[in-house]
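Residue numbering restarts at 1 for every chain, and letters A, B, ... go by the order of the sequence lines.
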Protein chains: 2
Amino acid sequence: MKLTPIMEKYILHWGEMGTRWGVNRTVAQIHALLYLSPKPLNAEEISETLGVARSNVSTSLKELMSWGLVKVSHVLGDRRDHFESMKDLWEIFTRVVEERKKREIDPTLTLLRQCELEAAEDTRTPEEIKQRINRMREFLETLSGWYEQMSTVPKPTLAKLMKLGGKVTKILGK
Amino acid sequence: MKLTPIMEKYILHWGEMGTRWGVNRTVAQIHALLYLSPKPLNAEEISETLGVARSNVSTSLKELMSWGLVKVSHVLGDRRDHFESMKDLWEIFTRVVEERKKREIDPTLTLLRQCELEAAEDTRTPEEIKQRINRMREFLETLSGWYEQMSTVPKPTLAKLMKLGGKVTKILGK
DNA sequence: CCGATATTTCAGTATTTACAGAAATTATCA
DNA sequence: TGATAATTTCTGTAAATACTGAAATATCGG
């Protein structure tokens, strides 16, 4: 697959953004490429297009699949695996949020609760500090609970809600 | 400042989380320490408590201040700068979102718009790919616009809205 | 304005992370 | 079943990032 300058610019930028959010550059670039690509690509094509080692592509695709952002597809008469990205941006977005919640927020909540348990027996930690931990736990729980509720709302409704923006408060303001 | 086991656990975990979100481990640890600390700390204390070089603390504090998460304060009769973290978690949260928007989302939007301009003259990029870029731009604009509106809503209202969660759709559902 | 203390900058080093290429494994087709 | 193609795993290397300690700079009190 030959990249036009626009595609190249897009992909490079996406790679850059990835690193800022703790995502490996190659992983992000592959995701960008597959998002743009009109048809599923095989690993070899990806490797050549982006100029990275075949093995690196393999690892990165596994990573993207573990996030549920990319899935394997097959082309008739071709043995090789092909890969395609989710295309719906709402889907992609919620997938990423969902996964980060699972991988990062939930374990953090577990740890915070554990801290609170230990705090009960701990006389050396000042009360004020214990409360800070408490508040953080509460905050993350609120956020987490909100997300869980919102994730059940159908996408189109969600989109409308967003368009409403701050106006919801006016409508609800009674 | 002597850390109790609970504090240590909290700070180490926070450092870990930082790295996952593209934040330097030391920066995240310092932020955690200052969040817990009942009183402002000077750089020397931070350095000793976390076991990192004084210079490293200096750089990291500058970083935290550039995010607006930490500010300098002074203790009477002490020449040294002291540092304290924002304590309100809503404030911290919106600060981080605000700053990431400014640093990452806005520049991305600029780039996407530029791509669209160039796309007009570009006959080599397939129409389908141009549309993908379009959709991404639209999506980020929606998100961005929503955030901007929400950021004007007072914090307590926001908190109530969150507690409502998915129920808003039911209330609005007419 | 001088000396002392505090802070920042910077250059070199260490650590971590990403990556390539080879080797091993797995799958597919004749 | 054997040959070939496709994919993954693994090990060593390269690149990026974080960090230290020393030197330079700035700040403050007298």
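Distance check, rounded to the nearest 0.5 Å: NZ of B:K101 to OG1 of B:T108 gives 11.0 Å. To the nearest 0.5 angstrom, A:S144 atom OG is 5.0 Å from A:E148 atom CD. Distance check, rounded to the nearest 0.5 Å: CG of A:L172 to CG of B:L164 gives 6.5 Å. A distance of 13.0 Å separates CE in B:M162 from OG1 in B:T157, rounded to the nearest 0.5 Å. With values rounded to the nearest 0.5 angstrom, A:S47 atom OG is found 12.0 Å from A:L41 atom CG.
If you check every strand for non-hydrogen atoms under 4.0 Å, A:N42 touches nothing. Residue contacts shown for B:G51 are limited to sugar-phosphate atoms, with no base heavy atom under 4.0 Å away.
Ring geometry for A:F93 against A:W90 counts as perpendicular: the plane angle is over 60°, on a 0 to 90° scale with 30° as the lower cut.
Atom-to-atom, CD1 of B:I46 to C1' of D:dC19 comes out at 16 Å; the value is rounded to the nearest Å. Regarding A:L61, its CG atom lies at a distance of 8 Å from the P atom of D:dT8, rounded to whole Å. Distance CZ (B:R54) to C1' (D:dA18): 17 Å, rounded to an integer number of Å.
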Next item on the list: Decide yes or no on side-chain hydrogen bond (donor to acceptor under 3.5 Å, both in side chains) for B:N42 and B:E45, but give the supporting numbers first.
Entry: CA-CA 5 Å; B:N42 65 53; B:E45 288 174 303; 3.3 Å; yes
Next item on the list: Could you check B:L50 against B:L33 for side chain to side chain contact (heavy atoms under 4.5 Å, CB included), going step by step and ending with a plain yes or no?
Entry: CA-CA 9 Å; B:L50 299 179; B:L33 172 60; 4.0 Å; yes
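Near DNA chain C, meaning a heavy atom under 4.0 Å from it, residues 30-41 of chain B has no residue at all.
Using a 4.0 Å cut-off between a side-chain N of Lys or Arg and a carboxylate O of Asp or Glu, A:K39 and B:E128 do not qualify as a salt bridge. We find that A:R137 and A:E141 are joined by a salt bridge, their nearest charged nitrogen and carboxylate oxygen being less than 4.0 Å apart. A salt bridge is absent between B:E44 and B:R80; no separation between the charged side-chain nitrogens and carboxylate oxygens falls under 4.0 Å. Salt bridge annotation for A:E99-A:K102: present, with a cationic side-chain nitrogen under 4.0 angstrom from a carboxylate oxygen.
Nucleotides of DNA chain C with any atom under 4.0 Å from a heavy atom of chain B span, from 5' to 3', C:dA4 to C:dT9.
Comparing the helix axis at one end of the helix from C:dC1-D:dG30 to C:dA30-D:dT1 with that at the other, each defined from 5 consecutive pairs, gives an inter-axis angle of 30° (nearest 10°).
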Polar atom pairs between nucleotides 23-30 of chain D and protein, under 3.5 Å, N or O only, would you list them?
residue	atom	partner	partner atom	Å
D:dT27	O2	B:R79	NH2	2.9

Please produce a list of atom pairs where a protein N or O lies less than 3.5 Å from an N or O of nucleotides 9-16 of chain D.
residue	atom	partner	partner atom	Å
D:dT9	OP2	A:K62	NZ	2.9

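Within the 4.5 Å cutoff, side-chain heavy atoms of A:H31 are placed close to those of A:I92.
Nearest-nucleotide positions on DNA chain D for B:T26 and A:R80 put A:R80 closer to the 5' end.
Counting only distance, with no hydrogens or angles, the side chain of A:Y10 and the backbone of A:A32 share no donor-acceptor pair below 3.5 Å.
Other residues sharing a hydrophobic cluster with B:W21 under the 4.5 Å side-chain heavy-atom criterion for ILVMFWY residues are A:W21.
Donor-acceptor pairing under 3.5 Å is recorded for the side chains of A:S66 and A:R103.
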